[in-house]
Amino acid sequence: MGDKFYITTPIYYINDKAHIGHAYATIVADTLARWRRQKGEDVLFLTGVDENSQKTVDAAEKAGEEIVAYTDRMAKEWESLWEKIHISNTDFIRTTEDRHIKTVQDFWERLRAADDIYLGKYEGLYCKGCEEFKKEEDLVDGLCPIHKTEPELVSEENYFFRLSKYQKQLLEFYEANENFVAPANRFQEVKSFVEAGLEDISFSREKRDWGIPVPNDPHQVIYVWADALVNYISAVGIEGWEEHPADIHAVGKEILRFHAVIWPAMLMSAGLPLPGQIIASGFLTVNGVKISKSLGNAVDPLDLVARYGIDALRYFLLREVPFGQDGDFSEEKMKERYNSDLANGLGNFAARVLALAEKENLASGALDDEFEKKIAAMKIAAEKKTGEFKFNEALMAVWDALAFGDRYVNEKKIWVITDDAARRKALFNLVSLLDNIAAALLPFLPEASKKITDAIRWEGKALRAKKIEVLFPRIK
Ligand code: MSP
């Protein structure tokens, strides 16, 4: 086994089923997990669900279900969604599992031992949707800008976490780790936020019967974020984390502060190592409109997969949305990209090359210079761009090589070359190119990549190709 690589998605709230925005967040992490695995690394890829939220209680009530039955059902639904779309996670965590509850309580004790937990009085505006206290200046017309709801005034006795103590240490850490947050503009926002000064934060809620109890205080449960963030440790254990903390936490931009400010401070307090990098994706809209239950515009990823396939969904999201920016999903645009880039592009090229090559005995030999160069350039670009999370540009580099291959087929008119050696040489070039394209696509389009790679076989010095089923049937 190669080096270890540990990547996580956020854990999802289970008050509702998943929509395309959630699928996007998970697909980004899955792409990176597959990329690292392809390099021979020993990948731990964690996803899961965040159950100890007041939202869970409300949703169960609304569904008329007993809470444990509700959480079991929903957790299963989320887990099986990722299975159905072939997400390659190696673990799935629920925050109601013993391994998590125990880790959260141990973690809490570490913060307390560091004198970073104290009892105080809290009064503030709480947004249930965000599970977060808001300041007046965070609100727009008195409403949470994300949930468009009025936060409730909460006044209770809470345990606080001494976040303010870590301002200097955080800034020093950011200074020393210039890639801690990507993209860079988001890192700038994080730094400015911390530079402006940090206040201690409420870390527990009073008199709740759903959540993880504060050790030695049955009247309080641990604040859901103070519980949820620790999931990244629960999956590997405190010792496992000390040995190898997460390399990447993939998150959405609205939860970046929790991951890039509060979480590192919690780890500093607990005397544990910090994650390598936090990468923040933007938000997806559907036809230009924010995804919301009340608007009923929540596109179901399973529905899209049933009609277009897993790779098509991945391709659209990774190709269309520059990482870090907000993006828009529309079925019109998805269809367009599907037909032009996948059906006419990749699918057609693979089908043509493999059909032409099937009848031939291709011996290995040197590639033509231009192919050699094209393949090398594609590999370098795809590798570099993926490392910078510029998935769209990595894909563009592959499609550039594809277009080159397409032109070559058309210009050479392989099917009319009568000279056996010349025809075989041309086909050897093309099959090699296709083989390399498939390899470059493995992290992005795992299904198509495998089908192509399976159709190309090296037998000693001979290269055998066989026809494949249509990869991406055209859609009207
Ligand atoms: N439970 C917290 C995360 C805790 S992590 C320790 C949470 N859950 S969430 O279900 O609300 O969101 C999970 C992820 O989905 C976030 O990264 C969020 O950005 C992402 N998305 C939710 N809606 C989205 C879009 N419309 N578009 C893109 N990503 C979206 O926050």
Side-chain angles (χ1 to χ4, degrees), residues 1-12 18 20-50 78-94 179-183 229 231-236 240-241 243-252 255 259 275-281 301 305 309-319 321 323-324 379 382-395 398 438-450 453:
M1 272 292 174
D3 290 345
K4 270 199 183 141
F5 179 76
Y6 179 20
I7 184 165
T8 68
T9 71
I11 49 173
Y12 300 93
I20 191 173
H22 304 121
Y24 174 57
T26 302
I27 286 169
V28 163
D30 184 68
T31 301
L32 291 169
R34 288 176 189 271
W35 179 58
R36 295 295 190 135
R37 221 173 267 133
Q38 189 181 22
K39 293 172 185 293
E41 294 179 15
D42 178 11
V43 174
L44 181 61
F45 173 16
L46 177 70
T47 189
V49 284
D50 189 352
W78 278 80
E79 188 171 15
S80 84
L81 162 68
W82 304 137
E83 267 166 35
K84 285 177 196 153
I85 69 170
H86 299 177
I87 293 300
S88 65
N89 57 298
T90 57
D91 197 352
F92 183 90
I93 192 157
R94 299 182 53 180
N179 294 319
F180 182 59
V181 175
L229 287 161
N231 90 86
Y232 304 131
I233 298 184
S234 305
V236 292
W241 179 272
E243 209 175 282
H244 194 109
D247 294 283
I248 293 185
H249 291 311
V251 305
I255 59 172
H259 285 83
Q277 202 174 23
I278 319 288
I279 63 169
S281 47
V305 163
I310 292 171
D311 281 359
L313 174 64
R314 296 171 72 100
Y315 180 76
F316 177 82
L317 294 171
L318 297 168
R319 174 64 184 81
V321 187
F323 183 76
K379 279 185 171 166
E383 178 73 12
K384 178 167 179 289
K385 299 298 183 184
T386 308
E388 297 168 350
F389 315 112
K390 294 180 177 158
F391 309 114
N392 61 330
E393 293 182 32
L395 288 167
V398 178
L441 286 178
L442 184 134
F444 305 94
L445 309 181
E447 320 282 312
S449 169
K450 180 163 190 320
T453 313

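Residue numbers run from 1 in the order of the sequence given.
- With rounding to the nearest 0.5 Å, the separation of NE2 in His86 from CD1 in Ile310 is 4.0 Å.
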Side chain to side chain contact (heavy atoms under 4.5 Å, CB included) between Phe389 and Thr31, worked out: CA-CA 10 Å; Phe389 315 112; Thr31 301; over 6 Å; no

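- Contact of the Pro301 side chain with the Leu313 side chain is registered, since non-hydrogen atoms from C-beta on lie closer than 4.5 Å.
- Considering only heavy atoms from C-beta on, Pro275 stays 4.5 Å or farther from Tyr232 through its side chain.
- Between the side chain of Asn392 and the main chain of Val321, no donor-acceptor pair closer than 3.5 Å is present.
- Taking CD1 of Ile7 as the reference point, atom CG of Leu46 lies at 10.5 Å (rounded to 0.5 Å).
- In this view, Glu388 and Lys384, Lys390 satisfy the salt bridge (Lys or Arg N to Asp or Glu O under 4.0 Å) rule, not counting sequence neighbours.
- Residues passing the side-chain contact (heavy atoms from CB on, under 4.5 Å) test with Ala18, sequence neighbours excluded: His22, Trp78, Leu81.
- Scanning both residues, His259 and Ile278, for their nearest heavy atoms gives O-CD1, 3.6 Å.
- For the atom pair CZ (Arg319) and CG (Leu445), the distance works out to 12.0 Å, reported to the nearest 0.5 Å.
- Using a 4.5 Å cut-off on side-chain heavy atoms (C-beta onward), Leu32 and Pro443 make no contact.
- Between the CG atom of Leu441 and the CG atom of Leu395 there is a distance of 6.5 Å, given to the nearest 0.5 Å.
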Should Ile279 and Val181 be marked as a side chain to side chain contact (heavy atoms under 4.5 Å, CB included) after you check the CA-CA gap, both sets of side-chain angles, and the distance that decides it? CA-CA 6 Å; Ile279 63 169; Val181 175; over 6 Å; no

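- Classification of Lys39 and Glu383 as a salt-bridged pair holds, one side-chain N sitting under 4.0 Å from a carboxylate O.
- Annotation: ring pair (Phe, Tyr, Trp, His ring centres under 6.0 Å) contacts of Tyr315 (sequence neighbours excluded): Trp399.
- The backbone N or O of Ala439 sits less than 3.5 Å from a side-chain atom of Gln38, completing a donor-acceptor pair.
- Residue Pro183 comes nearest to Gly324 through the heavy atom pair CG-CA, 3.8 Å, listed as atom of the first residue, atom of the second, then distance.
- Taking CG from Asp247 and OG1 from Thr8, the interatomic distance works out to 10.0 Å, rounded to the nearest 0.5 Å.
- Contact of the Val28 side chain with the Phe391 side chain is registered, since non-hydrogen atoms from C-beta on lie closer than 4.5 Å.
- Scanning all heavy atoms of the two residues, the minimum distance from Asp42 to Gly2 falls at CB-O, 3.8 Å.
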In sequence, state the C-alpha distance, the side-chain angles, and the governing distance for Leu442 and Trp35, and then conclude on side chain to side chain contact (heavy atoms under 4.5 Å, CB included). CA-CA 7 Å; Leu442 184 134; Trp35 179 58; over 6 Å; no

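- The nearest pair of heavy atoms linking Ile93 to Ser234 is CD1-CB, 3.6 Å.
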Could you walk me through whether Ser281 and Val251 pass side chain to side chain contact (heavy atoms under 4.5 Å, CB included), step by step? CA-CA 6 Å; Ser281 47; Val251 305; over 6 Å; no

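- Using a 4.5 Å cut-off on side-chain heavy atoms (C-beta onward), Val236 and Leu44 make contact.
- Annotation: salt bridge (charged side-chain N to carboxylate O under 4.0 Å, His left out) contacts involving residues 23-35, sequence neighbours excluded, comprise Asp30-Arg34, Asp30-Arg314.
- Judged as a ring pair (Phe, Tyr, Trp, His ring centres under 6.0 Å), and not counting sequence neighbours, Phe444 has no contacts.
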Show the numbers, then the answer: is there a ring-ring contact (aromatic ring centres under 6.0 Å, His included) between Tyr6 and His249? CA-CA 9 Å; Tyr6 179 20; His249 291 311; 7.3 Å; no

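- Rounded to the nearest 0.5 angstrom, Asp3 CG and His244 NE2 are separated by 8.5 Å.
- In this structure, Lys450 and Pro446 have side chains that are not in contact, with every pair of non-hydrogen atoms separated by 4.5 Å or more.
- By the side-chain contact (heavy atoms from CB on, under 4.5 Å) test, Thr47 pairs with Thr9, Tyr12, Trp82, Asn89, Phe92, sequence neighbours left out.
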